[in-house]
Structures are given as structure tokens and as C-alpha cells.
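Note sheet for the following structure.
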Amino acid sequence: MLWHGARNPKVNVDVHLLETPMSIFSATVLGTPRIGPQRELKFAIERYWRGEHSEAELRSVATELRAHTWAQLVDAGLDSIPTNVFSLYDQMLDTTVLVGALPQRYLAAAETDLDRYFAAARGTAAVPPLEMTKWFDTNYHYLVPEFSAETHFTLHPEALLEDLHAAQAAGIPARPVIIGPFTYLRLAKEADRAATPGLGGALSRLHDLLPVYEELLQLLAAEGVEWVQLDEPSAVTTLSSAELELLGKVYDRLGGLAQRPQILVATYFGDTKDALPVLAGTPIDGLALDFVAGDLPPQDIPGLSEKLLVAGVVDGRNVWATAIDGAVEQLVRASERAAHVAVSTSCSLLHVPYTLAGEDLPTIEERAASGTDGLCREWLAFGTEKVAEISLLAQIQRGEKDPNAPEAQTARDITAHRRGSAVTNNPTLRKRIAALTYADYHRPDYAERAVLQRDELNLPLLPTTTIGSFPQTAEIRSARQRFVRGELTEEQYDEAMRREIQDVIKLQEDLDIDVLVHGEPERNDMVQYFAEQLEGYWASRNGWVQSYGTRCVRPPVVYGDVQRPSAMSVTWSAYAASLTDRPMKGMLTGPITMLSWSFVRDDQALEATAVQVALAIRDECVDLENAGIRIIQVDEPALRELLPLRDEDKAHYAEWAAAAFRLATAGVAPATQIHTHMCYSEFGEMVGVIGELDADVTSVESARSQMEIVSDLEEHGYRQAIGPGVYDIHSPRVPHVEEISAALQLALKAVPAERLWVNPDCGLKTRRAEECVPSLEAMVTATKNLRAQLAQ
Ligand code: GLN
Ligand code: ZN
């Protein structure tokens, strides 16, 4: 049994607890990344999918990476290691397999368990995959459990036991991590049952599911497991009183088991608020709280003092070095409230890159020597560096290290250095922001703009357009790779992109599309492309983070005040415009999408950073306008992604997000037409905000939801023009003219023809030309037919 640190004398501990002492730990993380420091697992899985690897080869890569991760954590001084987190695709899908809830269609879809697992994750020619959606407010996506009348929960612990036995054999102090039953069900959906009022997701299944968790806990106890971690991030979201009650019942029941390991319930991604007293009142042994996004309330929480409080003081989802004083202070306060405190991350490290090693960044000392100012290596902490921080903080917490030890002093100096750097506090920019007025955020009334734009643009009824990107052809990708490798000069690369733009414009003219785009061939990614050109933004070399399955992204880092040193897209748009007489749409990424796909500053409010990014985009809009571009589209596909998890925070977000968009777009003349684009199917809570953006035209994904968004928007008083996507670009299928006509007719029931635009659901970059051309042909034909009909 591990005993670290002395019991806090200020806390009164019941005598009976002293009779059954807890085994405690002092330093851990809530979870780890798994794709591999060089994305080894990603590549191994993809090789397996292509048939180039056997299952055994794939498993050996995974096993080696797992062992390496465990060993690193132990070497760093952690005394409890999260295991069972090394998923081959997704931890929610792993839980679905664990509780025997894989839908029947996948059991029949493949020969082996591994292929059934991947069938559920990705689908096969015969069966579609499980639905995928975003994991709380992160950019990680999980597979949504789907239940039907035939779902009967049964325990399938094979994978979990394999993982556990490997850890035990390696002498790892393993703490298996499992998604808790409450969160698992709340995120699940019922295929053929209506939801129970007051209970989200599939919570009404709890009675059927709990026995499986009980059996699992008994099994783990028999296997000699000391601690199990049950993840309950749903506890930080807004819960109904019926849900809170249920949450309490779950842990009363699991905690009441006679034979079980000690239970750590992990909550993260926010403040546990009203779920905290509920969980603290149950007989669980430990509670992990997010001290980055939340805090302990001042009032007494009955039950808390008897538990191991796992304090998430190191940010698990952002990339900044921890401010040591703040963390120590939080630990001190936590120690006054609980008998034992362990140092941890706020959430799993799944959401940050592996390590800063290999990144090309000057140190503070190198900056000083060269007399430059800017991002310094020490400001940042990726996974490995965060583990080292935890180790240091745990030593301080255990009283083994003085809070004024040299390492702690260094950490302190780093925080001060970052705060003091001019790049995080640009006086000229700050002055500009302070001087912003109402007028900077508002354009003249839409009705007035609409008249001016009609005269300026002279477009036909039901104008046709596309969302921006055209297929990223093999030629484009190879030119980009050769340019990055230095095999093409910048002139040669630009020339290749110009040829691509010529082709795309010729194609759109041949198709007789009304408002053209340049096709975005020069953009690797809609966020990174701009991030690389903005001051205050840094793009890492190897900072990969899992987005879903084997898909990884490399979010750029906003480290300082964001400024636009020069125009970013004007040359390309102006060149494209010069090739045609038709209106050319300029293409930009909006402030909210820029931030939601980046690592953001933690030293100022997100809305303050949004204002800076918005100003950079505003200046770009004005430059596009000056270059003769009369239509500018500012994409906000990620508008919904930053929506807060708790209801009471949503209105404030909606307000500043819409304001940032308006700031970005209100600098142009009323005759210049602003478009925006959004593409997620669950608009629900966002419908009201879309009107607040005050774009002249909004294109939205809608082909898969029968144009519902059009009537939803109208009902919410939306009065600008709208371009509901008339066909689904996520499918390789070419739509028939009749389908598109039917979609347009449907839209016309909700919106007058004068305010309707015609466009696909989203950009075309993931499609092949063979699919795009006939699809766009059908779109234009359907539009012309409808125009003729309306003219009669
Ligand atoms: N303009 C972008 C494109 O067409 C929009 C992408 C998006 O909506 N995600 O690719
Ligand atoms: Zn889109």
C-alpha cells in the first residue's frame, strides 16, 4: 500500500475510515495520447486497413507504444498510471464493446472482433458506421453508442483484461480507466425508443447497464486492482434534477458494492458545480476535479473531506507551461478540504501533442542573446512537459521539495517572462481595440444593403455559387509537398496554383455558375493557412492531436497579440477575378473558427483574442474590397464548437461570437456583399445566433436534413438571404436534377425566391472532379428550370 504525505490535521476524519485505510496515490494524469509520438499507431492502423499489416503486426506496434508510454510515466515519478486508455480508435467505442452493446449489424459484418470493431468505426461496403460527434467542447470525436430493442448489455472484459495483465506484468501501478455509466448513457442514443422526459440520451437504460458495471468492478477487485477510474465528464454539463438524482444513485450503488476496487470518479472540461455535492455524498473513494476550468466552492461539501481529491491543476487540453504559484495555491486550498490530495491534469492528455522535443523554438536565453522577442520554448508544455510539471508539483505537495526550489523558481520566471513580453501586449493594437465603437460592429440596415448590392452585382434570381474549395487534386498536393521539400521554388509553386485557378474558373464558366470562387488550391487547411501568415500565431512541426480514429490535426498556437503584417489572400483572389467577368467571391476563415481549431491563450479571455483575430480579418476584407472584390465569404463552420457546456453560459458566448464576426465583416461598404458558411447538421441552439452575424447571405449544410434549417431560421426572424445546401457533398453520389429541384421547392416553401441562393452543402475539396462536375451540372440545370417556372 502506498502512503504519501501526512494526513492533514485540520481535517476531521471519521474513526471508521482509519480502520479501513485507503491506498492513496499522489501524482497522476487522467489519460494519455495514444497515436504515438510520430503517429506510429495511425500509420500502423492504416496499413492494417490497406491489408499491408496483419492483426498481429498492428497489435505489436500498439503494445510497444503502450509499454513505452507507461514506462515514461513511471520514470517521471507518477505513482498511479491510467491504463485501458490505449484505444485503437475511440474510448467510447471501446466501452460499447466492453458492455456488449455493439449493434447486431456489425457482428455480422466481419470475421474477427477487430474487424467488427473497425466496421462500427468506419462502416463497410454493406453497413454504415456508428454516428460520430464531438466530445464535449473539444475537437475530439467519439462514436455515438446506438441502442435498439435488441441491445442487451453483457460484460466483454477481454480487451480490458489483456491491457491490465500487461500492465501488471510490467509492474505498472495500473488504474484502469472506463467511461462511467452515467456519461456513457447520456451520450448514447436510442434507435427506436423515444427519450424519457428529463433524462438525456439513453439514461433510461441505467437499470440494464449497472449490473454489467457491478460485475466489472467485482472482476477488477478479484484481479487485484486497487483503483479504477470512471470518467464522468457529463457531470460538468447542465443536468436536470432527475439526472442529478440518477448520478447519485449510480455511485451509491457502485460504491456500495462489497467487493470492488477503490473508485475514482473523474469529472473534467468544466466546474462540477451542482454535481459535486451529489458525487461527494456517495461512497466512492476519490473524485477528480478540473481546477483549470473550475474550482472548489467556498461552502462545505459533505463527504469530500474523506475522499482522495485528484486536483486537475495542470491544463490537460491546452499547451501552456503551468503557472506554478497558482497551482501550489490551489493544492494548498484543496488540502484544507480533503484528507488526501493528488496532483493531476485537468483532463486526459489526449488533447495535447506528445512532446516539445523536436520543435524548432528559441529558448528564453536564445531570445535574449539575439535580442528578439516572441514565443519561447519554455512558455509551452506538451504532454511530456506536463508530466514533468506534475511530478514537480507532487514533490512540493508531499513536502519533499521546497516551493522555492530552483526548478519551481524557473517555472515562476517563465510565467513572468511570458506576461512581460511585448508580443503578448501590443500597445498599438490595444489602443485600436479600446477605440472601437458601435459603428465598427454594425453595418447599415440589411434592407438598405440589399438594394445597393442588387444594383452593384446584378445577379439573376436564385444565384448559383459554391462554398469555396474545389477538389484538391493529386497535382496540387504533389506541388505543395515538393514546395515544402524545397524541390519547387516559390515562383514555380505559385505558377502551379495559378494554373489550377485558371482551370477552376474555366470550369465554373462552362457550368454557367453565377458567383465564382478561385477554388482555394493554395490552402493546406483553412485555419493553418491564415495562422501561418498572422503574427502572434505559431504552427508546430509535429504537434499532432487525434481528431478521430486515425485522423490527426496540428492546431496552431495563438501565443501573442494577433496582427496581420500584410494581406493574406488578396493576390490570389485578385488574380482569379482578373480571369473572368463574373463576380469573384473572396474567401476567408472567420474569427471563431480560427480560434476553435487552434490552441488559444490562457492569459486573456477568449473573447479578447477573438477581437484581435476579427480585426485582422476585417483588414483583409477591406483589402479585398479595395482590390475590386465585391463579394466576400467569411466561413464560420465551427461557430457551434465553442458553445459552452452549461446553459447559463451560452447567451454570453452567442453575443461575443456574433460581435466578433460582425467586427470582422463590418468594415466594407454596404454595397459589398458578405457571405458566411456553416456546416454542421445540429444547428438547434445556434439558429438565433446566425441572424446576429448579420451576413448578407448564409450558406448552410442542409441536404441531409430536408431543408429544415430554412424554416427554422425563418421562424427565428432571420431576414437575410440563405443558401441551403442542395446536395450532400459528403457522399460520392451524383444527385439527380429532380432531387435538387425537389430540395429547392422545399426551400421555397419557407423563404421567398428573392432571398434564396443555390449551392452545395460544403466545400468540394474532399471530392473528385468526376463527382463534382456532374453534380454541379445538375445543380445549375435544376436552378434554370426553376427560374423558367417562376418567370411564368
Ligand atoms: N470555404 C471552405 C471550403 O470550401 C469551407 C470549408 C468548411 O466549411 N469546412 O473548403
Ligand atoms: Zn462547410
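Because only heavy atoms are used, hydrogens play no part in the values below, and waters and symmetry mates are left out as well, while side chains stay in.
A donor-acceptor pair under 3.5 Å is absent between the side-chain atoms of Thr151 and the main chain of Ala101, judged by distance alone. His68 places no side-chain N or O within donor-acceptor distance of the main-chain N or O of Glu64, the cut-off being under 3.5 Å. With Ser346 contributing its side chain and Gly316 its backbone, the two residues share a donor-acceptor pair below 3.5 Å. Looking at Gln528, its side chain never comes within 3.5 Å of a backbone N or O of Pro556 through a donor-acceptor pair. The backbone N or O of Arg541 sits less than 3.5 Å from a side-chain atom of Glu359, completing a donor-acceptor pair. Panel note: side chain Ser469, backbone Leu764; a donor-acceptor pair is recorded below 3.5 Å. Panel note: side chain Thr83, backbone Leu164; no donor-acceptor pair is recorded below 3.5 Å. Although no hydrogens or angles enter the test, the distance criterion places a donor-acceptor pair under 3.5 Å between the side chain of Arg116 and the main chain of Leu107. Formation of a donor-acceptor pair under 3.5 Å by the Asp728 side chain with backbone atoms of His730 is found in this model. When atom types are taken as modelled, the side chain of Trp320 and the backbone of Tyr559 share no donor-acceptor pair closer than 3.5 angstrom.
Taking both residues in full, the closest heavy atoms of Ala44 and His53 are given as O-CD2, 3.5 Å, listed atom of the first, atom of the second, then distance. Here the closest non-hydrogen pair linking Pro555 and Ser598 is CB-CA, 4.0 Å. When all heavy atoms of Val29 and Arg175 are compared, the closest pair comes out as O-NH2, 2.9 Å. Residues Cys679 and Asp761 come closest through the heavy atom pair CB-O, 4.3 Å. When every heavy atom of Gly123 is checked against every heavy atom of Pro129, the shortest pair comes out as N-CB, 3.3 Å. Considering every non-hydrogen atom in both Pro37 and Leu65, the closest pair reads CD-CD2, 3.9 Å.
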Should Val177 and Leu30 be marked as a side chain to side chain contact (heavy atoms under 4.5 Å, CB included) after you check the CA-CA gap, both sets of side-chain angles, and the distance that decides it?
CA-CA 8 Å; Val177 179; Leu30 291 189; over 6 Å; no
Go through it in stages, so that I can follow the logic: the residues are Glu232 and Thr183, the test is side chain to side chain donor-acceptor pair (under 3.5 Å), and I'd like the CA-CA distance, side-chain angles, deciding distance and then a yes or no.
CA-CA 5 Å; Glu232 294 289 9; Thr183 294; 2.5 Å; yes
Kindly indicate, with the supporting measurements, whether the criterion side chain to side chain contact (heavy atoms under 4.5 Å, CB included) is fulfilled by Glu641 and Trp597.
CA-CA 9 Å; Glu641 301 191 6; Trp597 294 345; 2.8 Å; yes
Pair Leu98, Leu160 - check side chain to side chain contact (heavy atoms under 4.5 Å, CB included), show working.
CA-CA 8 Å; Leu98 174 72; Leu160 189 142; 4.1 Å; yes
Which is it for Glu223 and His165 under the side chain to side chain contact (heavy atoms under 4.5 Å, CB included) test, yes or no, and what are the steps along the way?
CA-CA 9 Å; Glu223 292 282 340; His165 293 156; 2.8 Å; yes
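Taking 4.0 Å as the cut-off between side-chain N and carboxylate O, Asp163 and Arg66 count as a salt-bridged pair. With salt bridges taken as basic N to acidic carboxylate O contacts below 4.0 Å, none links Lys765 and Glu520. Between Glu389 and Lys386 there is no salt bridge, since no side-chain nitrogen of the basic residue lies less than 4.0 Å from a carboxylate oxygen of the acidic one. Salt bridge Arg59/Glu162: absent, no basic N to carboxylate O contact under 4.0 Å.
By the 6.0 Å contact criterion, CD on Glu490 is open, its count of non-hydrogen atoms from other residues, nucleotides or ligands being 12 or less. Around atom CZ of Phe153, more than 12 heavy atoms belonging to other residues, nucleotides or ligands sit under 6.0 Å away.
For the atom pair Glu385 CD and Leu380 CG, the distance stands at 8.5 Å (nearest 0.5 Å). With rounding to the nearest 0.5 Å, the separation of CG in Leu185 from CG in Leu209 is 5.0 Å. Taking OH from Tyr537 and CE from Met594, the interatomic distance works out to 3.5 Å, rounded to the nearest 0.5 Å. Of the inter-residue distances, the one linking Leu776 atom CG with Ile729 atom CD1 reads 11.0 Å to the nearest 0.5 angstrom. One distance of note links CE of Met686 with CG of Leu639; it measures 3.5 Å at 0.5 Å rounding. The NZ atom of Lys189 sits 8.0 Å away from the CG atom of Leu130 when rounded to the nearest 0.5 Å.
Considering only heavy atoms from C-beta on, Pro82 comes within 4.5 Å of Thr28 through its side chain. Side-chain contact between Gln546 and Pro33 is absent, with no heavy atoms from C-beta onward closer than 4.5 Å. Side-chain atoms of Gln472 and Arg480, non-hydrogen and from C-beta on, do get closer than 4.5 Å to each other. In this structure, the side chains of Leu73 and Ile172 stay at 4.5 Å or more apart for every pair of heavy atoms. A 4.5 Å side-chain heavy-atom check between Asp137 and Ser596 finds every atom pair outside the cut-off. Looking only at side-chain heavy atoms (C-beta outward), Leu93 and Leu102 come within less than 4.5 Å of each other. Looking at Asn139 and Val545, their side chains never come closer than 4.5 Å, going by heavy atoms from C-beta outward. Using a 4.5 Å cut-off on side-chain heavy atoms (C-beta onward), Leu219 and Pro157 make contact.
Ring geometry for Tyr493 against Phe483 counts as parallel: the plane angle stays under 30°, on a 0 to 90° scale with 60° as the upper cut. The aromatic rings of Trp135 and Tyr268 are tilted relative to each other, their planes meeting at an angle between 30° and 60°. Between Phe147 and Tyr184, the ring planes lie tilted relative to each other; the angle falls in the 30° to 60° range.
Between the side chains of Ser699 and Asn759, no donor N or O sits under 3.5 Å from an acceptor N or O. In this structure, a donor-acceptor pair under 3.5 Å is absent between the side chains of Arg482 and Gln492. Looking only at atom types and distance, the side chain of Thr96 has no donor-acceptor partner in the side chain of Tyr142 under 3.5 Å away. With hydrogens and angles left out, the side-chain atoms of Tyr48 and Asp115 include a donor and acceptor closer than 3.5 Å. For the residue pair Tyr354 and Gln72, no side-chain donor N or O sits within less than 3.5 Å of a side-chain acceptor on the partner. Residues Thr237 and Arg186 bring a donor and an acceptor atom of their side chains to less than 3.5 Å of each other. Counted by atom type alone, Glu57 and Ser54 present one or more donor-acceptor pairs between their side chains at under 3.5 Å.
Of the residues listed (Thr593, Thr589, Thr676), the one engaging Glu636 in a side-chain hydrogen bond (donor to acceptor under 3.5 Å, both in side chains) is Thr593, and it is the only one.
Centroid-to-centroid, the aromatic rings of His351 and Phe136 stay 6.0 Å apart or farther. Ring pair Phe182/Tyr213: centre-to-centre distance not below 6.0 Å.
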